[in-house]
Amino acid sequence: MRSLILIPALVLALTAGLTASTVRIFQTNAAGDNIHLIDPATNKVVAVIGGIEVPHGAAVSPDGSRFYFSNEADHTLDIVDGKTHKVTKQIPLSGRPNNISISKNGRRVYVAIRSLPGAVDVIDTATGTRAKSIPTKGGIHNTFVSPDGNHVVAGSIDGTNFTVIDVKTEEPLWTQTFDRGVRPIAFEPAPDGSTSRLFVQLSDFHGFAVVDFAQRKELQRITLPEVPVGERHTQGLQGSPSHGIATSPDGRTLWVCSKVNSYVYAYSLPDLKLLGGVHLGDHPDWLTLTPDGKSVYVANAGSNSVSVIDAASRKEVARIPVGQVPKRNITAVWP
């Protein structure tokens with residue numbers, strides 16, 4: 001039976017606008033069947049959507065009428081009504097899903113299919129059907145839409161690559177290969193809004209790779225600060241000592257999680273100079289920022305909480321209890 005804990009009703013949209021009045025942080029819980037919604041104005045949980053077994057990724061339609069969650073247990077994309085918070089439809093997928101993303105106009109949801117041989121399932125949100133499955137070189141862990149909305153980037157762990165897909169044609173354009181599996185990816189926009197660089201977290205690497213998008217090549221790797229042997233977490237890393245990375249809305253800061261010592265680190269952009277770090281709950285796994293860039297929300301998978309970081313002071317200002325093993329989170333805004 002599907003369950004819903006409703007604490008006041010909300011409606012959301014995908015991106016911030018000048019007239020936006022409400023912001024919510026969506027936190028999925030990987031070892032449970034629910035998603036927590038946090039109001040960043042109060043740092044309180046204001047709703048819990050239940051009944052979605054092993055939720056992984058989350059996305060929201062631009063008008064806030066629908067929420068989308070990948071359901072690993074049922075191998076479906078679940079659609080939730082933005083007002084009632086009830087599941088209205090389950091769309092069958094081509095395999096077990098991981099993370100998801102949504103097009104800027106809300107017409108497509110891109111679902112990472114982790115099952116081999118791997119694919120990106122393209123969901124038509126108008127009809128609520130799977131319109132296409134784009135084959136990839138390996139199972140896909142995450143999909144991301146570029147800042148300008150022109151590309152989908154799909155990262156593969158076992159394929160040790162990411163594939164860049166053209167949004168208009170829904171065909172692969174090129175693939176970047178690494179010596180390790182591809183985990184989360186962050187984007188650095190160029191002045192014209194296109195993608196300048198990608199910051200790519202890799203399996204068994206405590207840091208991230210820097211990729212020039214136009215040149216289609218890796219430029220360098222940045223290793224996070226060395227952790228003394230006695231302070232290192234060695235259990236529960238799941239092959240990913242650094243998992244969770246995001247660029248601030250103003251494009252001036254890169255935030256990076258470390259599961260090795262339960263820190264999040266800040267780097268200045270574009271020079272990638274270390275600014276400092278903040279100690280968090282156990283095994284920080286993902287992060288998202290408010291549209292004004294003032295707060296960073298970090299999912300602590302090992303302590304079932306979300307840490308709230310004041311970006312300016314780089315200090316933890318709150319720790320919010322959520323569900324079991326929180327991982328993926330997103331920021332949603334509606335007018």
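Sorted by first and then second residue, the salt bridge (charged side-chain N to carboxylate O under 4.0 Å, His left out) pairs involving residues 184-193 (not counting sequence neighbours) are E188-R197.
Residues passing the side-chain hydrogen bond (donor to acceptor under 3.5 Å, both in side chains) test with Q220, sequence neighbours excluded: none. Residues satisfying the ring pair (Phe, Tyr, Trp, His ring centres under 6.0 Å) criterion with Y263, sequence neighbours excluded, are Y265, H279. E72 meets the side-chain hydrogen bond (donor to acceptor under 3.5 Å, both in side chains) test with H56, R96; sequence neighbours excluded. Listed by chain and number, the residues in a ring pair (Phe, Tyr, Trp, His ring centres under 6.0 Å) with W255 amount to none (sequence neighbours excluded). Listed by chain and residue number, nothing satisfies the side-chain hydrogen bond (donor to acceptor under 3.5 Å, both in side chains) test with T253 (two or more places apart in sequence, or in another chain). In this structure K315 satisfies the side-chain hydrogen bond (donor to acceptor under 3.5 Å, both in side chains) test with no other residue, sequence neighbours excluded. A search for ring pair (Phe, Tyr, Trp, His ring centres under 6.0 Å) contacts involving H36 returns nothing, not counting sequence neighbours. Taking F178 as the reference, F162 meet the ring pair (Phe, Tyr, Trp, His ring centres under 6.0 Å) condition, with sequence neighbours excluded. Here D179 pairs with R221 under the side-chain contact (heavy atoms from CB on, under 4.5 Å) rule; sequence neighbours left out. Shown here are the side-chain contact (heavy atoms from CB on, under 4.5 Å) partners of T247, two or more places apart in sequence or in another chain: A186, F199, L254, L269.
A donor and an acceptor atom, one from each side chain of Q90 and D78, are located under 3.5 Å apart. For N161 and S156, the side-chain atoms include no donor-acceptor pair closer than 3.5 Å. Residues D121 and S133 bring a donor and an acceptor atom of their side chains to less than 3.5 Å of each other. A donor atom on one side chain and an acceptor atom on the other are found under 3.5 Å apart for S305 and N300. Residues N329 and Q27 bring a donor and an acceptor atom of their side chains to less than 3.5 Å of each other.
Between the NE2 atom in H151 and the OG1 atom in T163 there is a gap of 13.0 Å [rounded to 0.5 Å]. Atom CG of residue L173 and atom CG of residue N150 lie 10.0 Å apart, to the nearest 0.5 angstrom. Taking CZ from R183 and CG from L202, the interatomic distance works out to 9.5 Å, rounded to the nearest 0.5 Å. The OG atom of S115 sits 5.5 Å away from the NE2 atom of H75 when rounded to the nearest 0.5 Å. Note that CG of L287 is 13.0 Å distant from OH of Y297, once rounded to the nearest 0.5 Å. To the nearest 0.5 Å, atom CD1 of residue I134 and atom OG1 of residue T136 are 9.0 Å apart.
For the pair R180 and D204, the salt-bridge criterion is not met [side-chain N within less than 4.0 Å of a carboxylate O]. Between D285 and R328 there is a salt bridge, since at least one side-chain N of the basic residue sits less than 4.0 Å from a carboxylate O of the acidic one. At a threshold of 4.0 Å, the pair D124-R108 counts as salt-bridged, since one of the basic side-chain nitrogens sits closer than that to a carboxylate oxygen.
Minimum interatomic distance between G207 and L224 (heavy atoms only, all atoms of both residues): CA-CG, 3.8 Å. Across all their heavy atoms, G50 and N34 have their closest contact at CA-CB, 4.0 Å. Listed here is the closest heavy atom pair of S70 and G57: OG-N, 2.7 Å. Shown here for D282 and S262, the closest heavy-atom pair between the two residues is CA-OG, 3.4 Å. Counting all heavy atoms, side chain and backbone alike, V122 lies closest to E170 at CG1-OE2, 3.5 Å. Heavy-atom minimum distance, G293 versus P249: CA-CD, 3.7 Å.
I245 and L198 end up in different hydrophobic clusters when Ile, Leu, Val, Met, Phe, Trp and Tyr side chains are linked at under 4.5 Å. V296 and V278 fall within a single hydrophobic cluster, where Ile, Leu, Val, Met, Phe, Trp and Tyr are joined by side-chain heavy atoms under 4.5 Å apart, directly or via other members. Hydrophobic cluster membership differs between F144 and I165, with clusters built from Ile, Leu, Val, Met, Phe, Trp and Tyr side chains linked at under 4.5 angstrom. Transitive grouping of hydrophobic side chains (ILVMFWY, heavy atoms separated by less than 4.5 Å) keeps V167 and V109 in distinct clusters. Both V256 and L219 belong to a single network of hydrophobic side chains, linked directly or stepwise wherever heavy atoms of I, L, V, M, F, W or Y lie under 4.5 Å apart.
A donor-acceptor pair is defined here as one N or O able to donate and one able to accept, closer than 3.5 Å; no such pair exists between the side chain of T76 and the backbone of P92. Counting only distance, with no hydrogens or angles, the side chain of N29 and the backbone of G32 share no donor-acceptor pair below 3.5 Å. A donor-acceptor pair is defined here as one N or O able to donate and one able to accept, closer than 3.5 Å; such a pair exists between the side chain of S103 and the backbone of G106. Side-chain atoms of K89 come within 3.5 Å of backbone atoms of G128 as a donor-acceptor pair (strictly under, hydrogens ignored).
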Exercise for the section: Apply the test salt bridge (Lys or Arg N to Asp or Glu O under 4.0 Å) to residues D158 and K137: give CA-CA distance (whole Å), side-chain angles for both, the deciding distance (0.1 Å), then the verdict. Expected result: CA-CA 9 Å; D158 49 280; K137 299 175 181 179; over 6 Å; no

Practice task
Determine, stepwise, if the pair Y267 / F208 fulfils ring pair (Phe, Tyr, Trp, His ring centres under 6.0 Å).
Solution key: CA-CA 12 Å; Y267 288 82; F208 55 93; 5.7 Å; yes

Exercise for the section: Apply side chain to side chain donor-acceptor pair (under 3.5 Å) to S258 and S242, showing your working. Expected result: CA-CA 5 Å; S258 168; S242 180; over 6 Å; no

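Paired with H243 under the rule side chain to side chain contact (heavy atoms under 4.5 Å, CB included), one option of P284, P184, S203 passes, and it is P184. Screening T88, I52, V60 for a side chain to side chain contact (heavy atoms under 4.5 Å, CB included) with F67, the sole residue that qualifies is V60.
Residues T143 and V111 form no side-chain contact, since every pair of their non-hydrogen atoms from C-beta on lies 4.5 Å or further apart. The shortest side-chain heavy-atom distance between F187 and S146 falls under the 4.5 Å cut-off. Taking the side chain as every heavy atom from C-beta outward, Q201 and S240 never approach each other to under 4.5 Å. Two residues are said to be in side-chain contact when any heavy atoms from C-beta on lie closer than 4.5 Å; V120 and I113 fail this criterion. I35 has its side chain within reach of F69: a pair of non-hydrogen atoms, C-beta onward, lies under 4.5 Å apart. You'll find the side chain of N261 stays beyond 4.5 Å of the side chain of E231, heavy atoms only. Proximity of T28 to W286: side-chain heavy atoms (C-beta onward) are nowhere separated by under 4.5 Å. Proximity of V87 to I79: side-chain heavy atoms (C-beta onward) are nowhere separated by under 4.5 Å.
L275 belongs to no multi-residue hydrophobic cluster, having no ILVMFWY side-chain contact under 4.5 Å with any other such residue.
Applying the 6.0 Å contact sphere to CZ of R252 captures no more than 12 heavy atoms from other residues, nucleotides or ligands. Counted within 6.0 Å of CZ on R107, heavy atoms from surrounding residues, nucleotides or ligands total 12 or fewer; the atom is thus considered open.
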